[in-house]
*Asks:* 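One structure is given below, represented as C-alpha cells, and several questions about it will come after.
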Amino acid sequence: MIEPNIDPKLLKPYDPKETEDRIYKLWEDSGYFNPDVCLEKGIINSDAEAFTLIMPPTNANGSLHAGHGLVMTIEDLIVRYKRMRGFKTLWLPGLDHAGFETQVVYERKLEKEGRTRFDIERNQLYQEILDFTLLNSSNIKGQVRKMGASCDWSREKFTLDDSIVKTVYQTFKKLYDDDLVYRGNRIVSWCSKHQTSFSDLEIKDEERIEPYYYLKYGPFTISTSRPETKFGDKYVVMHPKDERYAEYIDGQKIDLEWINGPITATIIKDENIDMEFGTGVMTITPWHDNVDFEIAERRGLEKEQIIDENGKLLPIAGEFAGQHIKKARGLIIEKLQNKGLVEKVEENYKHVVRTCYKCGTILEPQIKNQWFIKMKPLAEKALEVINQNRIEYIPDHYKKITVHWLENIMDWNISRQIVWGIPIPAKICNDCGHGMVDLDNTILKCKKCNGSVRVDQDTFDTWFSSGQWPFATLGYPDSNDFKTFYPTDIMETAGEIIFFWVSRMIMLGLYITGEIPFKKVYLHGLVLDAKGQKMSKSKGNVIDPLTLTEKYGTDAFRIGMIVGNTPGTSLSLSEDKIRAYKNYANKLWNITRFILSSTENVIYNENFNKYIEKENVLISERSEFISSITKEMDDYKFYIVGEKIYHYTWSRFADVIIEESKEIFLNGTPEEKESRAQFLIDTLSKILKILHPFMPFVTEELWSIIPVDNKKLLMVEKWPKAEKPEVLS
RNA sequence: GCGCGAUUAGCUCAGUUGGUAGAGCAACUCAUUUACACUGAGAAGGUCGGGGGUUCAAGUCCCUCAUCGCGCACCA
C-alpha cells in the first residue's frame, strides 16, 4: 500500500521519454556545463583545479552512430565525475568538416542525383557541401544532447571557424619558416576515382591473386604483375654483388627489343636490390613505384609518367595510349606473347595492392608536386615525452604501438585535391613549381625565379587541422582559456585513430605550444554488433544508438556501453544488455518509491549521528565500497565501477538491506526505525550521486524527488566521501 | 618478414602487486494481489587454447607452440 502523498510520478514505472528532454533542459538552462558559470555561482571554489577534455570533433556528415554513442557516454561520464569532484571542468564540443570523408558522402549524394563533382564549379560545390554540413551539424548537436552530454556549448568549435583556420595557417607558416614543410615532387598515392592524393594512412591494403609475368628484357628476365607500367622502362637494375650478372657493369648500355620496338637500356648496379627475389633483376618505373622512385632519385635517373590521373596510358604507350590500364594489361601481354617476350606466367600470384579506403580503387603511385611535412624532427620530440612517460596511455600497449609508428614515420603529404577543406594558403610558381606560403595574399612573383605564380588550389588534409585541435580550440596563444585549460587532462578517442589523430596532436601540440597537449590518452575500441561483427551499412547490422535510447532510455544505453567495456577492447553491443539496464533504472525508481513511502514522516538529516550499531556496520561497509570505487574512478576503471554499483544497489541494498528494513519498520523500536530510515535515505542519496555519471537522467530525476535539504542539481553535487577516513588510506 | 593484441561458463567479457575462478545476458527449478514481474529465492554451468618452466602457491610471471584479430613493411 502506497502512501497517498508521495510524488505521483513514482507510482508508475520510470518513463525516460517523459524525463530526459526535460532534465537536459534543466541542466542546460542552469549554465553549469560552463565552468565559468560554476565559478560565478559558487559551485566550485575559486582556486579549483582545472580539468579539461576536448571532445573529438564529430564528423558533420551524417548522424550519430554507435561509436559516437560510446564516445559521448565515456566522456560525459568522465566529465560529470570530475565536476562532482569539484574540478573546474571543461568539456569542449566540436564539429569536424572532415574534408575527404564528407566530400565522399556528398559525392555519393550527387551520384544519386545523377550529378558529379567534376561538373560543378568549385565555389558552388563548396557552398553546397557547406550547406549540407551545417544541416547535419544541427542534427548531430541534437543527438549529442540526447545522449546527455554535459559539454560546454558556449565554447563549441567547428574546424572551419575563422579562429581555427587562423591557427592552422599560422602553424603552416611556422612549419614552412622552420623548413619543416616543403613542396616537392614525391610519390603520392593517387585515387583515380576521387582525383586526389592521400597520406600513407588513408590506404587499405588488399590481397589480390593475379597473374605474374616473367618477361624477356634483352639478355635478362624480369618479372612483374603490372606489365602496363613497363613502357618507359629503360634502366635495368641488379645487385652489384650478384655473381649471375657479374659480366655487366654499371652504366653499360644494351640494345634490346621491347613492347613497342627496339630501345637502349642502361645497366644500373644498386644495393637496394633483393638478390633472392625473382631473377634478381628488375627494370624501374620511377613515376609509378616507390622503390623505383627512390633509386632514380638517388642515382639521378630520368623519370617519365606512363599513366595519367584517370588511370589511362599516355602517348609513351604507343598504340595503347588512351586506354585504361585495366583493359590494357591483357592486350599488352598478348602483344608481348606474339613477340615472344613472355617467358612464363604464374597464374595465381598472391600479392597485396594498395586501394582507396573509401572506394577500393587501386591507388596509383604518381609523382606529384605537393606539400609534405618532414615528420622526423616532430616525431623525435614526441618520442622523447612518450618515453619519459609524460603521457599515460590507457591501455598502455598503445604506447608501444605509437612508439613503433613514430620511429618509422614517413613524411606527411598534406595536399588534397578536393574543394571541401581549408584552402592551403600558398602560391605556386608556374615556371619552377616552387611553393611559397602566403597568408596575406601578397606574393605576386616567384621568390626563386621571379616567374608568375598561381594560387594553390588544394586543401589541407583534414587531419592537419584536427591535429591542432587541443590548442586551436582553446584559443592559443593568448586567451584565458588556453592559459587555464591547456595542457588538457585527457584525450578520449577511438584506438583506430591513434596515428591519424592522437599521435599527430602530440607532435603538433609539442611543436607549437612546447607542451604536451594532454596528460592521458584513453582509447576505446570499436563498437561491434551482438555477434562481434563490425557494423556496416552493407551488412545491414548497424545499430543506431538513438533507436536504443528511444526504446530503453539513454541511461540504460549509457551504462550498457560502460559495463564490461575495457579500454582498447572492442565492445559487442547487444540489445539484451541494454534491456537489462532499463530494468535497473526502474529498480532505482522503485527503491526510491519504497524508501519514500516507508519513511514518509522522517525528516532526513544529513548530519544524523544517532545511528545504532546495526547501521554503523552497514555504514562502514558502505564506506569501504565508496572508497574502493572512488579509487577505480580515478584509475578510469569505469567498467568495474558500473558493475559494482549495480551490484551494490541491487543485490546488497535492495535485496538484503531494504528487505530486512521491512521487519524493522514493522516491529522495531523508534530508535531502530529512525536509524534505519536515515540510513536508507542517506545511502540512496549516495547511490544516486555515484550513479549520476553513468545514468544522469534517472538519477537527476530521483534526486529532485527525495527529501534532501539545500539541494542543488545533482550534476553539481559533491561526489560522496567515505565516512571513515582511515578506510581511504 | 617485423610489431601489437586476444584465447577464462552456452554468449559477451572482468579478474589490479601471483594466494583455491567472477559478473551480466541466456538457459534451469521454485515462488506469485510483493516497493518493483522492468520481481524474488535457489541451483547448475569452467582441467582459465596446448606444452614446458620459475614458485610453498600460476588464469596471473618466463619460454614455446597453435588458432584468431589488427597494424606496419615488402609486394621489381
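Just so it is clear, the model here is predicted, and its values are computed rather than measured. We name chains A, B, ... by the order of the sequence lines, and we start the count at 1 in each one.
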*Asks:* Which part of the nucleic acid, if any, lies within contact of A:Gly278, taking any heavy atom under 4.0 Å across all strands shown: a base, the sugar-phosphate backbone alone, or nothing?
*Replies:*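 Counting heavy atoms under 4.0 Å across all strands, no contact is made by A:Gly278.
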*Asks:* Check the orientation of A:Tyr648 and A:Phe653. Use parallel for under 30°, tilted for 30 to 60°, and perpendicular for over 60°.
*Replies:*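 Aromatic pair A:Tyr648/A:Phe653 classed parallel.
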*Asks:* For the pair made of CH2 in A:Trp405 and C1' in B:A73, what is the distance, rounded to whole Å?
*Replies:*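 Checked: the CH2 to C1' distance equals 15 Å.
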*Asks:* At under 4.0 Å between heavy atoms, what does A:Thr592 touch on the DNA or RNA strands: base, sugar-phosphate, or nothing?
*Replies:*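 Contact class for A:Thr592: none.
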*Asks:* For nucleotides B:A14 and B:G24, find the distance between their P atoms and express it as a whole number of Å.
*Replies:*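 The answer is 16 Å between these two P atoms.
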*Asks:* Can you tell me, in whole Å, how much space there is between the C1' of B:G18 and that of B:C28?
*Replies:*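 Straight-line distance between the two C1' atoms is 36 Å.
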*Asks:* What's the CZ-P distance between A:Arg208 and B:C74, to the nearest Å?
*Replies:*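 A:Arg208 atom CZ is separated from B:C74 atom P by 18 Å.
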*Asks:* Would you measure the distance from the P atom in B:U12 across to the matching atom in B:C4 and give it in whole Å?
*Replies:*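 These two P atoms come out 26 Å apart once rounded.
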*Asks:* As a test of reading the structure: which of B:C72, B:C74, B:C13 is closest to the side chain of A:Thr566, going by heavy atoms?
*Replies:*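 When the side chain of A:Thr566 is considered, B:C13 is the closest of B:C72, B:C74, B:C13.
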*Asks:* Mind checking A:Tyr584 for me? I need base, sugar-phosphate or nothing, with any heavy atom below 4.0 Å counting as a touch.
*Replies:*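 Result for A:Tyr584 = nothing.
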*Asks:* Taking the inter-plane angle between the rings of A:Phe665 and A:Phe594 on a 0 to 90° scale, is it parallel (under 30°), tilted (30 to 60°) or perpendicular (over 60°)?
*Replies:*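 It falls in the tilted class, 30° to 60°.
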*Asks:* Tell me whether the guanidinium CZ or amine NZ of A:Lys204 lies under 6.0 angstrom from the six-membered ring centre of A:Tyr357 and within 45° of its axis.
*Replies:*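 No, A:Lys204 does not sit over the ring of A:Tyr357.
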*Asks:* In whole Å, what is the span from the CD1 atom of A:Ile562 to the P atom of B:U12?
*Replies:*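 From A:Ile562 CD1 to B:U12 P: 20 Å.
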*Asks:* Could you tell me how the ring of A:Tyr581 sits relative to the ring of A:Tyr584: parallel (under 30°), tilted (30 to 60°) or perpendicular (over 60°)?
*Replies:*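 It falls in the perpendicular class, over 60°.
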*Asks:* Report the distance from atom CD of A:Glu294 to atom P of B:A73, rounded to the nearest whole Å.
*Replies:*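 From A:Glu294 CD to B:A73 P: 15 Å.
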*Asks:* Would you kindly give the CG-to-P distance between A:Leu571 and B:C11, to the nearest whole Å?
*Replies:*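 Rounded to the whole Å, the gap is 17 Å.
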*Asks:* Which part of the nucleic acid, if any, lies within reach of A:Lys662 when heavy atoms closer than 4.0 Å are counted: base, sugar-phosphate only, or nothing?
*Replies:*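 A:Lys662: base contact, heavy atoms under 4.0 Å.
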*Asks:* Is the shortest side-chain N/O distance from A:Thr569 to OP1 or OP2 of B:A14 below 4.0 Å?
*Replies:*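 Yes, because at least one side-chain N or O of A:Thr569 sits under 4.0 Å from OP1 or OP2 of B:A14.
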*Asks:* Check whether more than 12 heavy atoms from other residues, nucleotides or ligands sit under 6.0 Å from atom CD of A:Glu302, and answer yes or no.
*Replies:*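 Check fails, neighbour count at 12 or below.
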*Asks:* Can A:Thr221 and A:Glu343 be counted as having a side-chain donor-acceptor contact under 3.5 angstrom?
*Replies:*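 There is such a pair between these side chains.
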*Asks:* When you compare the protein's N or O atoms with those of nucleotides 40-44 of chain B, which come within less than 3.5 Å of each other, and at what distance?
*Replies:*
{"from": "B:G40", "atom 1": "OP1", "to": "A:Lys587", "atom 2": "NZ", "distance (Å)": "3.1"}
{"from": "B:G40", "atom 1": "OP1", "to": "A:Trp650", "atom 2": "NE1", "distance (Å)": "2.1"}

*Asks:* Apply ring-ring contact (aromatic ring centres under 6.0 Å, His included) to residues A:Phe220 and A:Tyr248 and explain how you reach the verdict.
*Replies:* CA-CA 11 Å; A:Phe220 307 106; A:Tyr248 300 99; 4.7 Å; yes
*Asks:* Taking only Watson-Crick and G-U wobble pairs with both distances under 3.5 Å, what dot-bracket line describes RNA chain B, where [ ] shows pairs that cross earlier ones and | shows pairs with another strand?
*Replies:* (((((((..((((.....[..))))..((((.......))))......(((((..]....))))))))))))....
*Asks:* Is it the case that the side chains of A:Glu202 and A:Ser199 hold a donor-acceptor pair, with the cut-off being a distance below 3.5 Å and no angle test?
*Replies:*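 Yes, a side-chain donor-acceptor pair sits under 3.5 Å.
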*Asks:* Determine the interatomic distance between C1' on B:G69 and the same-named atom on B:C63; round to the nearest Å.
*Replies:*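 The same atom, C1', in both gives a distance of 23 Å.
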*Asks:* Below 30° counts as parallel, above 60° as perpendicular, anything between as tilted: where do the rings of A:Tyr636 and A:Phe638 land?
*Replies:*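 Correct class here is perpendicular.
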*Asks:* Between B:G24, B:A35, B:C25, which one does the side chain of A:Asn590 approach most closely?
*Replies:*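 Of B:G24, B:A35, B:C25, B:A35 is nearest to the side chain of A:Asn590.
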*Asks:* Working to the nearest 0.5 Å, report the span between CD1 of A:Ile325 and CD1 of A:Ile307.
*Replies:*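 A:Ile325 atom CD1 to A:Ile307 atom CD1 measures 4.5 Å (nearest 0.5 Å).
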*Asks:* Pick out the pairs of N or O atoms, protein on one side and nucleotides 3-6 of chain B on the other, that lie under 3.5 Å.
*Replies:*
{"from": "B:G5", "atom 1": "OP1", "to": "A:Lys400", "atom 2": "NZ", "distance (Å)": "2.7"}

*Asks:* Check every atom of B:G71, B:A14, B:A23 against the side chain of A:Phe499 and return the nucleotide holding the closest atom.
*Replies:*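 It is B:G71.
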*Asks:* May I ask you to verify if any side-chain N or O of A:Ser574 is less than 4.0 angstrom from the OP1 or OP2 atom of B:C25?
*Replies:*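 Looking at the OP1 and OP2 atoms of B:C25, neither is under 4.0 Å from any side-chain N or O of A:Ser574.
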*Asks:* Please pick, from B:A73, B:G24, B:U12, the nucleotide with the shortest atom-to-atom distance to any side-chain atom of A:Ser572.
*Replies:*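 Output: B:U12.
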*Asks:* Can you tell me the distance, in whole Å, between the CD1 atom of A:Ile591 and the P atom of B:C38?
*Replies:*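 Rounded to whole Å, this separation is 16 Å.
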*Asks:* Mind checking if A:Tyr349 touches a base, just sugar-phosphate, or nothing, with heavy atoms under 4.0 Å?
*Replies:*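 Touches sugar-phosphate only.
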*Asks:* May I ask you to say what A:Thr285 touches in the nucleic acid, namely base, sugar-phosphate or nothing, with a heavy-atom cut-off under 4.0 Å?
*Replies:*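 Since no nucleic acid heavy atom lies under 4.0 Å of A:Thr285, the category is nothing.
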*Asks:* Mind checking the C1' distance from B:U55 to B:U39? Whole angstroms is fine.
*Replies:*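 Straight-line distance between the two C1' atoms is 49 Å.
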*Asks:* Taking the C1' atom of each, how far is B:U8 from B:U60, in whole Å?
*Replies:*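 The same atom, C1', in both gives a distance of 12 Å.
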*Asks:* On a whole-Å scale, what distance lies between the P atoms belonging to B:G15 and B:U7?
*Replies:*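 Taking atom P in both B:G15 and B:U7, they lie 10 Å apart.
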*Asks:* Would you kindly give the CG-to-C1' distance between A:Asn583 and B:A26, to the nearest whole Å?
*Replies:*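 In whole Å, B:A26 C1' and A:Asn583 CG are 14 Å from each other.
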*Asks:* In this structure, are over 12 heavy atoms from other groups packed under 6.0 Å from A:Glu276 atom CD?
*Replies:*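 Not buried by this count: 12 neighbours or fewer within 6.0 Å.
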*Asks:* Describe, in one word, how the ring planes of A:Tyr214 and A:Tyr212 are oriented to each other, choosing from parallel (under 30°), tilted (30 to 60°) and perpendicular (over 60°).
*Replies:*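 Judged by the thresholds at 30° and 60°, the geometry between A:Tyr214 and A:Tyr212 is perpendicular.
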*Asks:* Applying side chain to side chain contact (heavy atoms under 4.5 Å, CB included) to A:Tyr81 and A:Asp634, what does each step give before you reach the verdict?
*Replies:* CA-CA 9 Å; A:Tyr81 173 65; A:Asp634 288 334; 2.8 Å; yes
*Asks:* Among B:G24, B:U12, B:A35, which nucleotide has an atom closest to any side-chain atom of A:Ile658?
*Replies:*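 The answer is B:A35.
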*Asks:* Which listed nucleotide (B:C72, B:A26, B:C38) is nearest to the side chain of A:Leu201?
*Replies:*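 Per side-chain heavy atoms of A:Leu201, the pick is B:C72.
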*Asks:* List the steps and the verdict of side chain to side chain contact (heavy atoms under 4.5 Å, CB included) for A:Phe231 and A:Ile332.
*Replies:* CA-CA 10 Å; A:Phe231 291 100; A:Ile332 293 163; 3.5 Å; yes
*Asks:* Separation of A:Tyr14 atom OH from B:A35 atom P, in whole Å?
*Replies:*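 About 23 Å, once rounded to whole Å.
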*Asks:* Between A:Asn667 and A:Glu663, is any side-chain donor less than 3.5 angstrom from a side-chain acceptor?
*Replies:*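 Note: A:Asn667 and A:Glu663 side chains meet the donor-acceptor criterion.
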*Asks:* Can you tell which of B:C25, B:C75, B:C38 lies closest to the side chain of A:Tyr646?
*Replies:*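 Side chain of A:Tyr646 sits closest to B:C25.
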*Asks:* Rounding to an integer number of angstrom, what distance separates B:C68 and B:C62 when you compare their C1' atoms?
*Replies:*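 Going atom to atom, C1' in each nucleotide, I get 24 Å.
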*Asks:* Reckon A:Leu10 touches a base, only the sugar-phosphate, or nothing at all at heavy-atom distances under 4.0 Å?
*Replies:*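 Counting heavy atoms under 4.0 Å across all strands, no contact is made by A:Leu10.
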